[in-house]
Amino acid sequence: PDNALVRKKLAQLALAAKNFAAAEHWAREAAQADLWDTDSHRFWGQALTGQEKYAAAMTELEVAVQLDPDNNEAKDALAAARRLAEKPAP
């Protein structure tokens with residue numbers, strides 16, 4: 001799909017299905033198509049978090065928060081990624 005909105009929706013659907021690799025792909029594509037889209041960066045960060053790629057996830061989620069400091073979903077996702085990154089491995 002050439003449309004950033006379609007890519008973002010595909011990322012959202014993949015996240016809902018817990019298909020984090022697909023979500024990462026579509027969210028990255030959406031974010032690259034529209035660098036200023038907060039949700040695309042949030043979805044990308046959430047997909048990375050789901051794959052336990054916490055450093056990369058925090059980077060994307062920080063971008064989302066910088067783009068929209070009032071976006072509570074982005075702030076919550078960043079806080080969750082930070083908590084998981086600090087959690088000791090079993």
Side-chain angles (χ1 to χ4, degrees):
D2 292 332
N3 187 315
L5 184 61
V6 171
R7 294 173 190 183
K8 186 166 68 169
K9 187 62 178 178
L10 288 169
Q12 187 177 24
L13 292 169
L15 274 174
K18 298 192 182 321
N19 184 342
F20 298 117
E24 177 187 359
H25 169 79
W26 290 116
R28 182 180 59 247
E29 293 278 324
Q32 290 172 343
D34 182 357
L35 297 174
W36 304 105
D37 186 80
T38 302
D39 289 333
S40 295
H41 289 282
R42 178 171 56 88
F43 294 157
W44 191 358
Q46 289 172 312
L48 291 165
T49 299
Q51 297 175 82
E52 299 180 3
K53 299 176 182 177
Y54 301 122
M58 288 185 287
T59 298
E60 283 310 312
L61 293 165
E62 285 167 358
V63 170
V65 171
Q66 288 172 355
L67 288 171
D68 183 1
D70 296 325
N71 186 314
N72 288 328
E73 291 175 317
K75 289 191 280 189
D76 291 346
L78 177 56
R82 285 182 176 151
R83 276 193 307 276
L84 289 167
E86 293 170 0
K87 187 175 179 181

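Atom NE2 in H25 sits 11.0 Å away from atom CG in N19 (nearest 0.5 Å). From N3, atom CG reaches atom CZ of R7 across 8.0 Å, with rounding to the nearest 0.5 Å. Annotation: the span from D39 atom CG to E73 atom CD amounts to 7.0 Å, rounded to 0.5 Å. Interatomic distance, Y54 OH to L61 CG, rounded to the nearest 0.5 Å: 12.5 Å.
If you chain together ILVMFWY residues whose side-chain heavy atoms come under 4.5 Å of each other, L15 ends up grouped with F20, F43.
With sequence neighbours excluded, the residues that form a side chain to side chain contact (heavy atoms under 4.5 Å, CB included) with A64 are T38, H41, R42, A74. Every residue two or more places apart in sequence or in another chain was checked for a side chain to side chain contact (heavy atoms under 4.5 Å, CB included) with A16, and none qualifies. D37 meets the salt bridge (charged side-chain N to carboxylate O under 4.0 Å, His left out) test with K8; sequence neighbours excluded. Residues passing the side chain to side chain contact (heavy atoms under 4.5 Å, CB included) test with A56, sequence neighbours excluded: L48.
W26 and V6 fall within a single hydrophobic cluster, where Ile, Leu, Val, Met, Phe, Trp and Tyr are joined by side-chain heavy atoms under 4.5 Å apart, directly or via other members.
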Sequence neighbours excluded and cut-off under 3.5 Å, please list the side-chain donor-acceptor pairs for residues 75-84, or say none.
{"unit_1": "K75", "atom_1": "NZ", "unit_2": "P69", "atom_2": "O", "d": "3.3"}
{"unit_1": "R82", "atom_1": "NH2", "unit_2": "E62", "atom_2": "OE2", "d": "3.3"}

| V63/L35 under side chain to side chain contact (heavy atoms under 4.5 Å, CB included): CA gap, chis, key distance, verdict | CA-CA 10 Å; V63 170; L35 297 174; over 6 Å; no
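The shortest heavy-atom contact between S40 and A27 is O-CB, 3.7 Å.
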